[in-house]
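One-based numbering, in listed order, for ligands and for the atoms of each.
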Amino acid sequence: MSLLDIHVLGSPILRQETQPVAAVTDEHRRLIDDMFETMYAAKGIGLAAPQVGRLERIAVVDVDDQPLAIVNPEILRREGTVKGEEGCLSIPEVYGDVERAARVVVRALDRDGRAFEIEANDLLSRCLQHEIDHLHGKLFIDYLSVLKRRSALAKWEKERKQFGDNIRRLTAGEIAQHNPGGEL
Ligand code: K1U
Ligand code: ZN
């Protein structure tokens with residue numbers, strides 16, 4: 001497995017629409033495995049293909065030790081609304097409150113190409129909506145009020161200097177914590 005570079009705000013791929021996966025192949029499974037490894041190393045609870053420079057309609061999430069690969073996900077039902085804080089591995093150190101559906105039902109294909117449905121509440125519901133948004137070129141900052149968005153972008157202007165080429169390479173420290181035995 002490999003750790004992948006993460007595209008950060010400013011990289012045009014984050015605003016692109018993804019392409020549905022016609023059939024889940026070994027190449028997609030390799031991408032899914034690498035995305036899980038990258039998400040864990042970056043201490044995230046989700047990661048979508050455009051964040052690692054790919055346009056397949058694939059995301060991974062892991063909330064409460066329940067790893068889920070979602071291929072071609074669709075939200076079938078939304079119920080209620082709730083506000084909660086979000087971050088994004090592509091906009092490090094920037095956070096904001098976003099109103100989302102409280103409960104969603106999502107249909108997707110799994111790593112083996114089998115269709116499944118999941119009902120989600122709380123953080124899993126939020127994370128699924130955040131990842132599915134990534135697959136359609138949408139970011140959590142798009143939901144912020146003009147003032148809050150301006151302040152989030154001002155914070156990002158300071159942070160982005162460390163990512164000159166709009167790519168976040170995991171640091172040696174992040175890799176070492178992820179892999180304490182030192183084997184790569
Ligand atoms: O897609 C991503 O950028 C991953 C993102 C997912 C997410 C976080 C919070 C709410 C909705 C979706 C992250 O994992 S950012 C890391 C983070 O903020 C976080 C990590 C653990 C628990 C809660 C938040
Ligand atoms: Zn994100």
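The protein heavy-atom contact nearest to atom 16 (C) of ligand 1 is Lys43 O, 4.0 Å. The protein heavy-atom contact nearest to atom 4 (C) of ligand 1 is Gly46 O, 3.1 Å. Counting only heavy atoms of the protein, atom 5 (C) of ligand 1 lies nearest to Gly87 O, 3.8 Å.
The shortest distance between side-chain heavy atoms of Gln16 and Ile13 falls below 4.5 Å.
The shortest N/O to N/O separation between Arg126 and ligand 1 does not fall below 3.5 Å. Checked against a 3.5 angstrom limit, the closest N/O atoms of Leu89 and ligand 1 fall inside it.
For atom 21 (C) of ligand 1, the candidate residues are Ile45, Leu14, Val63; the nearest heavy-atom contact is made by Ile45.
In His134, the N, O or S atom that comes nearest to the Zn ion (ligand 2) is NE2.
Below 4.0 Å from some heavy atom of Gly44 lie the following atoms of ligand 1, by number and element: 14 (O). Near Glu131, the atoms of ligand 1 lying under 4.0 angstrom from a non-hydrogen atom of the residue are 1 (O), 2 (C), 4 (C), 6 (C).
With hydrogens and angles left out, the side-chain atoms of Glu86 and His130 include a donor and acceptor closer than 3.5 Å. Side-chain atoms of Tyr143 and Asp97 include no donor-acceptor pair closer than 3.5 Å. There is a side-chain donor-acceptor pair under 3.5 Å between Glu17 and His136.
A salt bridge between Arg30 and Asp33 is absent, with no side-chain N of the basic residue lying under 4.0 Å from a carboxylate O of the acidic one.
If you look at Gln51 next to ligand 1, the close heavy atoms, those under 4.0 Å, all belong to the side chain.
Between Leu170 and Ala41, the closest heavy-atom pair is CD1-CB, 3.7 Å.
Here the rule is side-chain hydrogen bond (donor to acceptor under 3.5 Å, both in side chains) with Thr18, and of Arg54, Arg57, Glu56 only Arg57 fits it.
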